[in-house]
Amino acid sequence: MVRLGRTDIEISPVGLGCMQFAGTGYVARWMVRPIDQESATSVVRAALGGGVTWFDTAEMYGNGRSEEMLASALKACGVAPGEVTVATKWVPLGRTAASITRTIGDRLRHLGGFPVDLHQIHMPTGSLSSLPAQLKAMALLLKAGRIRSVGVSNFSARQLELAHRVLAAEGVTLASNQVRISLLHRDVERDGVLDTARRLGVTLIAYSPLEGGLLTGRFHDDPALARSAPVMRRFFGRRELSAQGLARTRPLIEELRAIGKAYGASVSQVAVNWVITRYGDTVVAIPGASKPRQAAEAAGAMGFRLTEAEIGRLNALSLP
Ligand SMILES: NC(=O)c1ccc[n+]([C@@H]2O[C@H](COP(=O)([O-])OP(=O)(O)OC[C@H]3O[C@@H](n4cnc5c(N)ncnc54)[C@H](OP(=O)(O)O)[C@@H]3O)[C@@H](O)[C@H]2O)c1
């Protein structure tokens with residue numbers, strides 16, 4: 001278990017990303033394979049069974065649909081509010097900071113009795129209010145006891161400093177910054193986000209740690225699978241999913257496979273373990289899953305620990 005920032009909340013190094021729980025009627029379906037309630041319940045059951053203690057959802061994933069499906073799934077698995085940690089996000093696009101206060105009731109209603117243990121500003125851009133105004137609204141929610149901690153997402157090092165400073169002035173600690181981190185996306189090591197997070201005691205929550213499935217090796221094994229990937233993944237991943245792109249990352253996949261053999265672990269498990277081991281306790285990961293097998297596999301990534309030599313070999317192969 002690791003501590004979420006400097007809060008008193010403890011979480012497993014691997015959580016479950018719930019963007020898949022958004023139904024088919026929303027934009028999330030262009031990014032991920034949407035699943036129905038029954039499948040979501042099986043996915044949550046598999047994650048819990050593997051030792052996952054927390055779940056990341058968002059208002060934006062189906063306008064509350066993902067929060068609802070997560071809550072129903074947890075209840076169906078016999079989990080009571082307070083027994084797991086739930087993180088959600090407010091979407092700033094075209095809204096003022098006042099909507100943070102106005103929409104918290106919706107978040108709690110969709111979560112059906114589960115508390116908002118972590119409330120995050122989904123992105124630093126798009127709001128009609130300044131970042132300090134948004135952060136102060138979050139601080140007020142915390143002081144009013146409506147949320148347990150405050151986080152941000154996609155914030156730069158400079159924005160992280162600002163968020164920390166504004167919240168500290170309100171007597172509130174900044175718990176986390178949710179950013180993209182994987183073997184193929186190591187920007188945090190160069191753009192100051194990792195160093196700043198370490199210095200401020202902020203947890204980084206790594207999203208897309210499997211690069212939408214690329215780091216499972218499945219597209220390397222069967223390149224034709226890329227044709228059935230969700231449209232945005234195909235579009236944004238077109239270089240990585242091309243024949244040349246797959247040839248470029250094949251040595252990395254082969255090394256992940258070779259290392260995994262010693263632990264009885266899959267390619268994806270070694271890729272997730274790299275994320276949660278390489279950066280120490282600063283980084284936790286939220287792989288997504290559309291099938292129970294994938295969720296169980298992700299949870300199994302917590303069952304071993306890569307050596308420094310193995311991490312070094314993967315680092316060398318993952319550099320651009
Ligand atoms: N804050 C933000 O701006 C932001 C942005 C993006 C994501 N997120 C969060 O991060 C979470 C994860 O994002 P992501 O879905 O992009 O992450 P990911 O973990 O990189 O990819 C997950 C996908 O990989 C495939 N997969 C997973 N395990 C597999 C396995 N064992 N074998 C084969 N394929 C496997 C599945 O694809 P198929 O379903 O196609 O099989 C699954 O949907 C989201 O749910 C969300 O909570 C946040």
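Because the structure is a prediction, the values reported are computed rather than measured. Just follow the structure's listing: the first ligand is 1, and inside any ligand the first atom is 1.
T249 OG1 to E240 CD: the interatomic distance, rounded to the nearest 0.5 Å, is 8.0 Å. Taking OH of Y263 as the reference point, atom OG1 of T307 lies at 5.0 Å (rounded to 0.5 Å).
Protein heavy atom closest to atom 2 (C) of ligand 1, with residue, atom name and distance, is Y207 CE2, 3.3 Å. Shortest contact from atom 21 (O) of ligand 1 to any protein heavy atom: G212 CA, 3.3 Å. For atom 47 (O) of ligand 1, the nearest non-hydrogen atom of the protein is D56 OD2, 2.8 Å. In terms of protein heavy-atom proximity, atom 16 (O) of ligand 1 is nearest to S208 OG, 2.8 Å. Among protein heavy atoms, atom 25 (C) of ligand 1 sits closest to G213 CA, 3.8 Å. From the protein, the heavy atom lying nearest to atom 22 (C) of ligand 1 is G288 O, 3.4 Å. The single protein non-hydrogen atom nearest to atom 35 (C) of ligand 1 is Q294 NE2, 3.4 Å, given as residue, atom name and distance. In terms of protein heavy-atom proximity, atom 32 (N) of ligand 1 is closest to T216 CG2, 3.8 Å.
The closest heavy-atom contact to atom 37 (O) of ligand 1, among the options M60, R293, R218, E297, comes from R218. Evaluated by nearest non-hydrogen atom to atom 38 (P) of ligand 1, the leading choice among R33, M123, M31 is R33.
Ligand 1 is approached by K291 to a heavy-atom distance shorter than 4.0 Å. Residue contacts with ligand 1: H122 is included, with a non-hydrogen atom under 4.0 Å away.
Atoms of ligand 1 lying under 4.0 Å from at least one heavy atom of S290, given by number and element, are 38 (P), 39 (O), 41 (O). Each of the following atoms of ligand 1 lies closer than 4.0 Å to a heavy atom of E211: 20 (O). For ligand 1, the atoms closer than 4.0 angstrom to any heavy atom of G17 are 11 (C), 44 (C), 45 (O), 47 (O). Atoms of ligand 1 found under 4.0 Å from any heavy atom of Y61, numbered from 1 in the order shown, are 4 (C), 8 (N), 9 (C), 46 (C), 47 (O), 48 (C).
Residue-level proximity to ligand 1 for N154 is carried by the side chain, the only part with a heavy atom below 4.0 angstrom. Residue-level proximity to ligand 1 for I286 is carried by backbone and side chain together, each with a heavy atom below 4.0 angstrom. Proximity of R233 to ligand 1, defined as any heavy-atom pair under 4.0 Å, is confined to the side chain (atoms from C-beta onward). In Q20, the part holding a heavy atom less than 4.0 Å from any atom of ligand 1 is the side chain. With a 4.0 Å heavy-atom cut-off, ligand 1 is reached by the backbone of M19 and by its side chain too. Contacts of S268 with ligand 1, taken as heavy-atom pairs under 4.0 Å, involve the side chain alone.
Side-chain atoms of S290 and V32, non-hydrogen and from C-beta on, never get closer than 4.5 Å to each other. Side-chain contact check for E67 versus F114: every heavy-atom pair is 4.5 Å or farther apart. Side-chain contact between T7 and R148 is absent, with no heavy atoms from C-beta onward closer than 4.5 Å. Here the side chains of V283 and V188 are not in contact, with every heavy-atom distance at 4.5 Å or above. Looking at heavy atoms from C-beta onward, H220 lies out of side-chain contact with R257 at the 4.5 angstrom threshold.
Summarising the geometry of L93 relative to T125, their closest heavy-atom pair is CD2-O, 4.0 Å, with the distance given to 0.1 Å. The nearest pair of heavy atoms linking L4 to S149 is CD2-OG, 3.9 Å.
Screening L16, L48, D117, V44 against V84 for a side chain to side chain contact (heavy atoms under 4.5 Å, CB included) leaves a single residue, L48.
Between V32 and ligand 1, no pair of N/O atoms sits closer than 3.5 Å. Ligand 1 has no nitrogen or oxygen under 3.5 angstrom from a nitrogen or oxygen of P230. Taking only nitrogen or oxygen atoms, main chain and side chain alike, P287 does not reach within less than 3.5 Å of ligand 1.
Of the possible polar contacts, one joining the N273 side chain to the A301 backbone as a donor-acceptor pair under 3.5 Å is found.
Crowding of R109 atom CZ: a count of heavy atoms from other residues, nucleotides or ligands under 6.0 Å exceeding 12.
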List the atom pairs, with distances to 0.1 Å, where a side-chain N or O of residues 199-217 and a protein N or O form a donor-acceptor pair under 3.5 Å, not counting sequence neighbours.
residue	atom	partner	partner atom	Å
R199	NH1	E161	OE2	3.3
R199	NH2	E161	OE2	2.5
T203	OG1	R3	O	3.4
T203	OG1	G5	N	2.7
Y207	OH	N154	OD1	2.7
E211	OE1	R180	NH2	2.5
E211	OE2	R180	NE	3.4
E211	OE2	S182	OG	2.6
T216	OG1	G213	O	2.6
T216	OG1	R218	N	3.2

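When the salt bridge (Lys or Arg N to Asp or Glu O under 4.0 Å) test is applied to E297, the partners found at least two apart in sequence or on another chain are R293.
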